[in-house]
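Data block below; observations after.
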Amino acid sequence: MKKYAIIDLDDTLLDFTRGENEGVTRLLQKYGVTDVQRGLATYVKINQDIWHQIELGADRAPLLDTRFAKAFGAMGVTVDGPAVEKQYKSMLDHNYYTLPGATDFLTALIRAGVTVIAGTNGTKSIQLNRLAGSQLTHFFDSVFISEDVGYDKPDERFFAPIFTQYPTMTPANTVMVGDSLHSDILGATNAHLDSVWFNPQHTVSSVNYHPTYEADSYTALKQVLLA
């Protein structure tokens with residue numbers, strides 16, 4: 001059994017995609033985009049590219065302030081990027097959706113004696129608000145957020161304050177759990193930790209690095225962590 005589990009939040013425990021889709025859809029409609037599905041797909045692609053740059057070390061704030069201007073611009077609509085970004089962040093603050101089974105999964109880990117730690121990329125205020133609103137905060141011994149840490153996964157320096165706070169962590173007793181191959185699995189590899197790729201959609205990997213384990217459900221995750 002693992003002693004420590006560092007667990008990603010978005011689309012591993014919190015249903016970020018649902019809240020993102022709802023929020024972006026509302027903004028598209030507000031600013032007069034008629035083809036909402038195309039607009040949503042355009043935003044998702046631009047946002048993925050921006051977060052890839054952030055995970056490579058680029059400054060997050062100016063990049064995030066451009067994503068809506070770029071997405072709406074591709075749809076022929078001019079908006080004030082930073083203003084729309086502010087509106088979107090306010091919506092994310094109230095995205096309290098959790099994935100089905102997340103609470104039971106965390107409860108099982110706590111009852112088994114696993115120290116559960118949140119390790120997530122994102123904006124500190126948004127992530128903390130969402131944890132509180134989804135009533136998951138009490139499951140975590142600590143919460144580490146990239147904006148606060150100063151580095152985003154997959155940078156191994158993201159994990160440095162976690163190792164400092166938990167000096168008995170070892171590669172043998174600790175595992176990183178997350179849905180993202182690039183941030184979570186590569187991050188764990190860079191930090192010399194085992195990893196579990198949470199992949200309920202059965203996405204086919206196209207990268208040349210690999211998780212230690214793969215799980216398509218919380219039941220499968222528990223089998224890995226509590227074995």
Side-chain angles (χ1 to χ4, degrees), residues 1-23 44 47-48 51 55 89 91-149 152-154 158-159 162 165-166 169 174-188 191 193-203 211-226:
M1 187 181 85
K2 297 296 183 181
K3 181 177 181 180
Y4 299 101
I6 306 170
I7 305 180
D8 174 58
L9 294 181
D10 290 330
D11 292 326
T12 301
L13 297 171
L14 300 175
D15 194 346
F16 177 80
T17 297
R18 179 179 174 184
E20 177 185 52
N21 288 348
E22 289 184 1
V44 167
N47 187 51
Q48 287 174 342
W51 271 104
E55 290 168 358
K89 285 180 177 176
M91 294 176 184
L92 285 186
D93 276 343
H94 301 91
N95 173 16
Y96 303 143
Y97 298 126
T98 59
L99 294 173
T103 300
D104 290 342
F105 166 63
L106 292 171
T107 299
L109 296 188
I110 297 300
R111 286 177 177 170
V114 177
T115 298
V116 180
I117 300 156
T120 182
N121 288 349
T123 302
K124 181 178 181 180
S125 61
I126 290 174
Q127 298 297 63
L128 291 179
N129 283 341
R130 292 171 63 225
L131 277 178
S134 60
Q135 300 181 19
L136 295 184
T137 305
H138 67 283
F139 287 108
F140 296 100
D141 194 70
S142 298
V143 177
F144 294 85
I145 303 169
S146 62
E147 183 185 48
D148 201 30
V149 171
D152 290 85
K153 295 174 293 179
F158 173 87
F159 296 89
I162 304 178
Q165 184 163 329
Y166 299 94
M169 273 188 175
T174 306
V175 66
M176 173 76 215
V177 179
D179 69 296
S180 171
L181 283 168
H182 182 259
S183 63
D184 301 317
I185 305 310
L186 182 57
L193 293 175
D194 282 355
S195 61
V196 188
W197 183 26
F198 183 55
N199 185 22
Q201 306 303 321
H202 300 106
T203 302
T212 314
Y213 311 95
E214 183 174 340
D216 63 0
S217 67
Y218 289 127
T219 298
L221 276 178
K222 285 188 289 185
Q223 291 172 348
V224 172
L225 271 62
L226 303 182

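Because only heavy atoms are used, hydrogens play no part in the values below, and waters and symmetry mates are left out as well, while side chains stay in.
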Subject >> Minimum-distance pair of heavy atoms, taken over all atoms of I145 and F158 >> reply: C-CE1, 4.2 Å
**OP:** Check whether more than 12 heavy atoms from other residues, nucleotides or ligands sit under 6.0 Å from atom CD of Q135, and answer yes or no.
**Re:** no
**OP:** Would you name the heavy atoms of I117 and F140 that are closest together and state the gap between them?
**Re:** C-CD2, 3.8 Å
Original post:
Do any N or O atoms from the side chain of T12 and from the backbone of L9 form a donor-acceptor pair under 3.5 angstrom?
Top reply: no
**OP:** Might you point out which heavy atoms bring K153 and T120 nearest each other, and give the distance in Å?
**Re:** NZ-CA, 3.7 Å
Subject >> Over all atoms of both residues, closest heavy-atom pair of L136 and L14 >> reply: CD1-CD2, 3.7 Å
Original post:
When V224 is tested against each of V196, T212, V175 for side-chain contact (heavy atoms from CB on, under 4.5 Å), which residue passes?
Top reply: V196
Original post:
At what distance, to the nearest 0.5 angstrom, does CG of L221 lie from CD of E214?
Top reply: 10.5 Å
**OP:** Please check if the side chain of S180 supplies one atom and the backbone of S183 the other of a donor-acceptor pair under 3.5 Å.
**Re:** yes
Original post:
Any side-chain heavy-atom pair from M169 and I162 closer than 4.5 angstrom?
Top reply: yes
Original post:
With a 4.5 Å heavy-atom cut-off, do L109 and L226 have their side chains touching?
Top reply: yes
Original post:
How about Y166 and S142: does a side-chain donor come under 3.5 Å of a side-chain acceptor?
Top reply: yes
Original post:
Measuring from E147:CD to T123:OG1, what's the distance to the nearest 0.5 Å?
Top reply: 5.0 Å
**OP:** Test side chain to side chain contact (heavy atoms under 4.5 Å, CB included) on F198 and L99 and set out the steps.
**Re:** CA-CA 12 Å; F198 183 55; L99 294 173; 4.2 Å; yes
**OP:** Verify side chain to side chain contact (heavy atoms under 4.5 Å, CB included) between D141 and Y4, making sure each step is shown before the conclusion.
**Re:** CA-CA 10 Å; D141 194 70; Y4 299 101; over 6 Å; no
Original post:
In Å, rounded to the nearest 0.5 Å, how long is the span from CG of L225 to CZ of F105?
Top reply: 5.5 Å
**OP:** Rounded to the nearest 0.5 Å, what's the gap from CG on D194 to NZ on K2? Could you check?
**Re:** 4.5 Å
**OP:** Working to the nearest 0.5 Å, report the span between CG of D179 and CG of N199.
**Re:** 9.0 Å
Original post:
Are F144 and F159 close enough that their ring centers fall under 6.0 Å?
Top reply: no
**OP:** Would you mind reporting whether T203 and L181 have side-chain heavy atoms less than 4.5 Å apart?
**Re:** no
**OP:** State, to 0.1 Å, how close N95 and Y97 come at their nearest heavy-atom pair, and which atoms those are.
**Re:** OD1-CD1, 3.1 Å
**OP:** Identify the two heavy atoms, one from F16 and one from L92, that lie closest to each other, and give their separation to 0.1 Å.
**Re:** CE1-CD2, 3.9 Å
Original post:
Atom OG1 of T137 and atom CD of Q127: how far apart are they, to the nearest 0.5 Å?
Top reply: 11.0 Å
Original post:
Any luck finding a side-chain donor-acceptor pair between T17 and D11 under 3.5 Å?
Top reply: yes
Original post:
Taking W197 for the side chain and G178 for the main chain, is one N or O donor matched with an acceptor at less than 3.5 Å?
Top reply: no
Subject >> For L13, the option from L106, D8, V177, L131 that meets side-chain contact (heavy atoms from CB on, under 4.5 Å) >> reply: L106
